[in-house]
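For this chain, numbers begin at 1 and follow the sequence in order. Just so it is clear, the structure is predicted and the values come from calculations on it, not from any experiment. Remember, it's 1-based here, ligands and their atoms both numbered in the order they're listed.
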Amino acid sequence: MRVVMKFGGTSVGSADAIRRVAEIVAESRREHEVVVVVSAMNAPDLRTTDTLIAAARAAAQGDGDATALVVPRLLDLHMRAAAALTSAEECARLEPELRAMLDYMSDLSRSIAVLGELTPRALDLFSGLGERLNARLIAATLRSAGLPAEAVDASALIITDERYGSAAPLLEETRTHSRERLLPMLTQGIVPVVTGFIGATRAGVPTTLGRGGSDYSCAILGAVLDADEVWFWKEVDGVLTANPKLVPEARTLPRLSYSEMAELAYYGANVLHPKTVLPLVQRHIPIRIRNTFNPGHPGTLISDEPGSGTAKAVTAIKDVCLITVGGPGMLGITGVAARIFSAVARAGANILLISQASSEQSVCLAVPRAEAAGAVAELRKELASEFSAHDVEHIEVQDPVVIVALVGSGMRGTPGIAGRLFGAMGEAGVNVIAIAQGSTENNISLVVADADADRAVRVIHGSFAL
Ligand code: ASP
Ligand code: MG
């Protein structure tokens, strides 16, 4: 099977971690064709990407030596790992290569200091350097362990638009370039070690896919290479039934459907971002989340198939504000909902949940707390004439509140889930402020007071024996 696998920054954050990565790659390569995608080294005391971005910003403020100061630290971080992981020969070859790349940045940052300006285009050149350093280190590590491997800069593979800082891939061109470059390597038994996060425009100007973009790189490559599976190696065993900090007995879900994953991500669970993995979802390529630090664990398999179980996981989004627009005259005013939502959109607030009873006396919507004041101001403006006619009497704000969501596609068509959910809330003495369930039935959301949220999550987890 062809597997594209990505290792995140912490999974490649130290010599020890990289040693595990090399073992995992070697082991996987015994059975599969493997393409590796790597993030920049995220060491506890030196976060490569953050450090590079900070140096570039300092240069723009006139500090032309900022990069020169971080160059030795970054070189040391990578070369200390290399000394522990690679043969003397590889190490000797790597040092001048990495040094030249870092020195180039240092020169560039002096020019930025002179110009006093850092364009998004120049910033992408800086921020993507960590991946380029690390791909070389990891390829050298694999070769030193006897595995043919080669570092590949994704700027030769992933062709993007020109939105520097959050570029989007042009999939057809990316497909052509990636296959031309990587498939012959696979045929020859070479493991490509590809930089995450970066790409380049058609004209060859370097871009980045946005912070945390290595997941996206991996999904893009998995899709264009027609991978059989794509594995994301992280620092957790997979997707959990709840936040383990709140629910110590939370466990790893063996299977999840794409849409369940999307619901969980939307409601604040720490899983892959749905937009990130869209190229895989569109091609129905199964995804696995696995733990670099516990490779024996099978992790979570995410695919079209939801697997067994009705309700699967419970999540919470905190720092939410509930806005209720109500009044006796709202009944039957057509277009009032549209106007409410447009007003909120004009304020740039993101609506997390909507609820309206059929009595039409009120509409309530939840938005992130930071976006609430703007939304309320726009609503007052929009509904000014209804206010003076007393058709709308109040715009009430409740905060902070928390949205607690129970997710699982097996809830669809299964009676009694809501009953059990609200029964549990009643027994636990948790007051439910608002409720929403879409007709896809793969999510029931409750709004509760901030003080009740942790208890609600625990009680739900317990009563559904998640
Ligand atoms: N190194 C990049 C970042 O820190 C990309 C990634 O880690 O996914 O944002
Ligand atoms: Mg990262």
Option passing side chain to side chain donor-acceptor pair (under 3.5 Å) with D215 (candidates K6, H273, K275): K6
With nothing but distance in play, are any N or O atoms of D215 less than 3.5 Å from an N or O of ligand 1? no
For atom 8 (O) of ligand 1, tell me which residue out of A40, G196, G8, S214 has the closest non-hydrogen atom. S214
For ligand 1, which is the ligand I care about here, please tell me if T49 has any N or O atom under 3.5 Å from one of the ligand's N or O atoms. yes
Other residues, nucleotides and ligands only: do more than 12 of their heavy atoms fall within 6.0 Å of CZ on R346? yes
Are R136 and D153 within salt-bridge range, i.e. N to O under 4.0 Å? yes
Pull out every atom of ligand 1 sitting under 4.0 Å from any heavy atom of S39, numbered as shown with elements. 6 (C), 7 (O), 8 (O)
Taking N42 for the side chain and R47 for the main chain, is one N or O donor matched with an acceptor at less than 3.5 Å? no
Just distances here: any N/O of G212 and N/O of ligand 1 closer than 3.5 Å? yes
Should one rank R211, E131, K6 by closest heavy-atom distance to atom 5 (C) of ligand 1, which comes out on top? E131
Would you please determine whether R47 falls within less than 4.0 Å of ligand 1 on a heavy-atom basis? no
Within 6.0 angstrom of F341 CZ, more than 12 heavy atoms from elsewhere: yes
Report the relative orientation of the aromatic rings in W233 and F7; use parallel for angles under 30°, tilted for 30 to 60°, perpendicular for over 60°. parallel
